[in-house]
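Here's the structure we're looking at; comments come further down.
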Amino acid sequence: MQNWHWLQGPVEDAARRLLGCELVHAVDGETLRVRIVETEAYDQLDPASHAFHGRTAANDAMFRSAGHAYVYLSHGIHHCLNVVTGQEGFGCGALVRAAEPVGPVGEMTRRRGRDGVQLTNGPGKLCQALAVTRALTGHDLTRPPLRLIERPALPDDEVVTTTRIGISRAVEAPRRFYIRGNPYVSRS
DNA sequence: GAAAAGATCTTCT
DNA sequence: GAAGATCTTTTCC
């Protein structure tokens, strides 16, 4: 297991630290790469989190140690990827809301059926482009096929902090982070 | 056991 | 701007 010390502190710090890092997914002979540009922080003390009601079979991956993947199915249609960031037994993680494609763009466009910013500017969209599904829940992100690559932390003036999107509880918490001016950041 | 809501996206008006 | 698609998980009787 690689040293995930940089993901260990408060989940807000981990979520901000994930901006600029890359996700690499090897699938069907292709190696799909994206760079994370938007995240949201969730933990078991947060009413908006899937971990809020305690550890269950469904959310078990969120309670594992930092560096695992937690993928859930949203509205029965879309997969959404989280990077688990805490210690074993404490449920928390960062939802990867948007990323920018690194390559090969053609292969991601084929999987998405859309191109341009529509490729990866939302949590469900980026999972479709990257071919990430629930089968990867609990996966160790140091190993193939899906790996997380650490990148240097961005300077503070490039990171914007806002309230989260698409939730109905704890709506005031400033736990959404994105790279200032990046075209792939989601809006709605 | 049944019902409702959900960390979304697309299409239509 | 609003609603539909579609299914898992949670909650309430």
Side-chain angles (χ1 to χ4, degrees), chain A residues 7 10-19 21 23 25 32 34 36-64 66 68-86 90-101 108-139 141 146 148 159-179 182-188:
Chain A
L7 286 181
V11 63
E12 296 93 334
D13 294 347
R16 177 163 36 210
R17 188 65 186 71
L18 279 167
L19 297 176
C21 295
L23 286 165
H25 193 196
L32 309 175
V34 299
I36 297 170
V37 302
E38 178 182 352
T39 62
E40 285 180 357
Y42 292 88
D43 67 48
Q44 66 180 51
L45 304 177
D46 173 5
S49 171
H50 291 175
F52 184 64
H53 299 287
R55 193 170 188 164
T56 67
N59 65 17
D60 183 77
M62 270 199 110
F63 289 80
R64 298 214 203 168
H68 287 88
Y70 166 60
V71 186
Y72 70 93
L73 191 59
S74 176
H75 291 70
I77 302 173
H78 305 287
H79 297 272
C80 296
L81 170 66
N82 291 251
V83 175
V84 178
T85 62
F90 184 78
C92 66
L95 169 68
V96 182
R97 275 196 63 85
E100 64 184 7
M108 294 188 216
T109 301
R110 186 182 69 75
R111 292 183 177 280
R112 265 290 286 147
R114 298 281 187 289
D115 60 8
V117 297
Q118 292 296 314
L119 213 45
T120 51
N121 66 342
K125 299 177 187 181
L126 96 86
C127 280
Q128 187 180 8
L130 250 197
V132 167
T133 70
R134 270 191 314 172
L136 288 166
T137 282
H139 175 71
L141 291 171
L146 180 63
L148 174 66
V159 178
V160 181
T161 304
T162 70
T163 54
R164 293 173 292 188
I165 289 180
I167 57 176
S168 59
R169 293 182 290 186
V171 295
E172 297 298 319
R175 293 186 122 189
R176 172 175 177 241
F177 309 95
Y178 62 88
I179 299 179
N182 189 287
Y184 287 90
V185 171
S186 66
R187 311 178 175 284
S188 88

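Lettering of chains follows the sequences in order, A, B, ..., and the numbering in each one begins at 1.
When the nucleotides C/dT9, B/dT8, B/dA7 are ranked by their closest atom to the side chain of A/Asn82, B/dA7 comes out on top. Each of C/dT9, B/dA7, C/dT6 was ranked by its minimum atom distance to the side chain of A/Tyr70; first place goes to B/dA7. Listed nucleotides C/dT9, B/dT10, B/dA7 differ in distance to A/Met62; the shortest reach to its side chain belongs to B/dA7. Which of B/dC9, C/dT8, B/dA7 sits closest to the side chain of A/Leu73 comes down to C/dT8. Checked against B/dA7, C/dT9, B/dT10, the side chain of A/His50 finds its nearest nucleotide in B/dA7.
Per the geometry, CZ belonging to A/Arg97 stands 7 Å off P belonging to B/dC9, to the nearest Å. Rounding to whole angstrom units, CG of residue A/Asp46 and C1' of B/dA7 are separated by 10 Å. In this structure, OH of A/Tyr178 is placed 18 Å from C1' of B/dA7, rounded to the nearest angstrom. When the P atom of B/dT10 is taken as reference, atom NE2 of A/His78 falls 7 Å away, rounded to whole Å. Here B/dT8 presents its C1' atom at 9 Å from NZ of A/Lys125, a figure rounded to the nearest Å. Between the CG atom of A/Leu126 and the P atom of B/dC9 there is a distance of 9 Å, given to the nearest Å. Following rounding to the nearest Å, A/Ile165 (CD1) and B/dG6 (P) show an atom-to-atom distance of 16 Å. Here the P atom of nucleotide B/dT8 and the CZ atom of A/Arg164 are 11 Å apart, to the nearest Å.
Heavy atoms of A/Ala58 sit under 4.0 angstrom from primed sugar atoms or phosphate atoms, though from no base atom. Looking at heavy-atom distances under 4.0 Å, A/Arg176 makes no contact with the nucleic acid at all. Counting non-hydrogen atoms under 4.0 angstrom, A/Arg169 reaches nothing in the nucleic acid. Among the heavy atoms of the strands lying under 4.0 Å from A/Leu95 is at least one base atom, whether or not backbone atoms are also near. Note on A/Arg114: only backbone sugar-phosphate atoms sit closer than 4.0 angstrom, heavy atoms only; bases stay farther off.
C/dT6 makes up no base pair with any nucleotide shown, lacking Watson-Crick or G-U wobble contacts both under 3.5 Å. The partner of C/dC12, taking Watson-Crick or G-U wobble pairs whose two distances both stay under 3.5 Å, is B/dG1.
Residue-nucleotide stacking is not present for A/Tyr72 and B/dA7, judged by a side-chain ring centre under 5.5 Å from the six-membered base ring centre and planes under 30° apart. For A/His75 and B/dG6, the ring-to-base geometry satisfies the stacking test (centroid distance below 5.5 Å, interplanar angle below 30°).
Side chains of A/Asp43 and A/Arg175 form a contact here, defined as non-hydrogen atoms less than 4.5 Å apart. Residues A/Val96 and A/Val83 meet the side-chain proximity criterion, which asks for heavy atoms closer than 4.5 Å. No side-chain heavy atom of A/Val11 sits under 4.5 Å from any side-chain heavy atom of A/Asp46. Contact annotation: the side chain of A/Asp13 never approaches that of A/Thr85 to less than 4.5 Å [non-hydrogen atoms, C-beta and beyond].
Of the side-chain N and O atoms in A/Arg112, one or more sit less than 4.0 angstrom from OP1 or OP2 of B/dT10. Using a 4.0 Å cut-off, no side-chain N or O of A/Ser74 falls inside it from OP1 or OP2 of C/dT8.
Spacing between B/dA4 and C/dG4 at atom P, rounded to whole Å, works out to 16 Å. B/dA5 sits 15 Å from C/dA3 when the P atoms are compared, rounded to a whole Å.
When atom types are taken as modelled, the side chain of A/Glu38 and the backbone of A/Ser186 share a donor-acceptor pair closer than 3.5 angstrom. In terms of modelled atom types and a separation under 3.5 Å, the side chain of A/Arg112 and the main chain of A/Gln118 share a donor-acceptor contact.
Positionally, the nearest nucleotide of DNA chain B for A/Ser168 lies more toward the 5' end than for the other of A/Ser168 and A/Gln118.
The cationic group of A/Arg64 does not satisfy the cation-pi geometry with A/Tyr70, failing either the under 6.0 Å distance to the six-membered ring centre or the 45° limit from the ring axis.
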